[in-house]
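Input: a single structure, listed below in structure tokens.
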Amino acid sequence: MRGRPGTKALPLAGGGRAVGGPVALGVFAALVAVALASWLAAAVALAFAAPQLAARDPLAWQAVLGAHLVALGLLPPAVTGAAFHLLPVMLRNDVRRPRALRFLPVLLAGGPFAAIGISRDLPWLVWPATVLVAAGLVVVLVELVGLVARAPRGRTLVASRAGVLLVCVHVAAALVLGAAVFARDDRPYAGVGHDRWVLVHLHLAVLGWLTLLIVTVGRTLGPMLALAPSAPPRRVPLTELVLACGLWVLVAGIATDRRALELVGGAAVISALVGFAARMAPLLARHRLPLEAPLAHMAAGAVFLLQAAVLGAAIATTAVSPRRALAAYVLLLLVGWAGGVTLGHLGKLLSLSIWVWWPPGPRPKQEALYPRRLWLAEAALFAVGVEVLAIGSLLESAAATRVGALLLVVAAVLAAVAAARTWSRRPRGSGYAATL
């Protein structure tokens, strides 16, 4: 692994490395810090937005701020850090320009400022911040595509090349569409209303980026974190392909207001995810470790995703009005599913990164670096908070939305405390400083 003290790369027969190495600890920790600070700010924004959510006004500026702090502040740095910690190993080669990754925390820190600018309609703040985030995502996409291109042929890989490339496509599409939607303000574009473009953007980001990445990486990562048997090798990444195709049918239906396409696309997406869950459940059921936050968040996230699917189908079939269900739908899909699953893995991956980059010599057990009970408490508060907040918005209960949002604030504080505790357990010394 490049730059890691006390390690030696294993050569392949035809040259190159047998495996790749994770991103430097300092880069990963900085990305985690940006993500967790953004999540705490998002939870506070949602607490202030509680009355508006109860009044079924998801476009109030506090609610818009909270949603975009999750979408632009939490998810890009968190997913980027996780991707560069895991995918070089899964695709068996290193990133080509590791020094470029050092700029990612600064570039992606533009996300929270873009969220503020969007919520308050401040173009002078949105565009510079968006340029920073876009530059960071360009670096991410270039390096991810490079990892796929250099992945050794004829060898078993534990992440699908096609899945990673599809994730890159959806990241680019969501970024471009998000900028276009903001530039057009409330005006229709290509015959499609502003609100529908926003929904297309949301689904490309949550399903095409986050969910597809979870499926691509999770079939290996879930069993690995649970010390369960890994999923068998595949010849074709069918789940990823069905999910991507279903997503594009779904967004085509949303954009054109065609209920049949929405239902067919949604059904394809759900079938792909149900198939993924059905294959993972027996493996994870045989895990040999105590329950930890990644699996707890994954289980809660699956429930939120199912609830969002039911609400989405109810909206598509006019069984419930969009005004009544939209806030709950976004909370369940964006915060409960995408945000929760991402958050659940951050603490574990931070402890793994510290353990991997430990200097030569005796090292503690990995679980000594990971405050499991704190993260489990965070997962429980997060799950209850999202559920109560979503139910409160559906029932127009200001008391419920306030309680749910406050639980999310406490959960965000616990996540920050748990991550800080892990970071405090890293070793000090000149040799270890080289990994930063």
Side-chain angles (χ1 to χ4, degrees), residues 75 79 82-83 86-87 89-92 144-145 147-148 151 155-174 203-226 228-253 261-287 294-295 297-310 312-313 332-333 336-338 340-342 344-345:
L75 295 178
V79 175
L86 297 167
L87 288 178
V89 179
M90 291 181 167
L91 295 175
R92 296 176 176 265
L144 288 181
V145 171
L147 286 173
V148 173
R155 297 177 63 86
T156 300
L157 300 178
V158 292
S160 161
R161 296 184 185 91
V164 175
L165 285 178
L166 286 170
V167 168
C168 292
V169 169
H170 291 117
V171 170
H203 286 83
L204 283 175
V206 174
L207 297 179
W209 174 26
L210 275 302
T211 305
L212 187 57
L213 184 62
I214 289 168
V215 169
T216 300
V217 175
R219 69 186 308 272
T220 299
L221 181 61
M224 181 189 77
L225 292 179
S230 60
R234 303 173 298 172
R235 295 181 62 86
V236 178
L238 187 61
T239 303
E240 290 91 325
L241 295 175
V242 172
L243 175 56
C245 291
L247 168 62
W248 283 99
V249 174
L250 172 63
V251 297
L261 290 179
E262 292 177 5
L263 293 174
V264 170
V269 169
I270 291 300
S271 68
L273 294 176
V274 168
F276 172 75
R279 285 188 289 274
M280 290 296 101
L283 298 175
L284 299 180
R286 300 196 297 272
H287 72 88
L295 294 182
H297 267 289
M298 184 70 80
V303 174
F304 294 139
L305 185 61
L306 178 61
Q307 292 175 327
V310 171
L332 292 168
L333 188 65
W337 164 247
V341 173
T342 304
H345 286 81

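Heavy-atom minimum distance, F276 versus V215: CE1-O, 3.7 Å. In terms of heavy-atom proximity, V242 sits nearest to S271 at CG1-OG, 4.2 Å. Here the shortest heavy-atom pairing between G246 and A268 reads CA-CB, 3.6 Å. Nearest approach of G253 to L261, heavy atoms of both residues: CA-CB, 3.5 Å. Residues M298 and V341 approach most closely at CE-CG1, 4.0 Å, considering heavy atoms. Contact between E262 and L250 at its shortest, heavy atoms only, is O-CD1, 3.4 Å.
Contact annotation: the side chain of L306 never approaches that of L332 to less than 4.5 Å [non-hydrogen atoms, C-beta and beyond]. Side chains of W209 and V167 form a contact here, defined as non-hydrogen atoms less than 4.5 Å apart. Taking the side chain as every heavy atom from C-beta outward, H170 and W248 approach each other to under 4.5 Å.
Annotation: the span from I214 atom CD1 to H345 atom NE2 amounts to 8.0 Å, rounded to 0.5 Å. A distance of 6.5 Å separates CG in L213 from CG in L87, rounded to the nearest 0.5 Å.
Remark: the backbone N or O of A272 is not paired with any side-chain donor or acceptor of T239 at under 3.5 angstrom.
Considering L204, L210, T211 as possible partners of L207, the one that fulfils the side chain to side chain contact (heavy atoms under 4.5 Å, CB included) test is T211. For the side chain to side chain contact (heavy atoms under 4.5 Å, CB included) with L212, the lone residue among L243, V171, L247, V269 that qualifies is L243.
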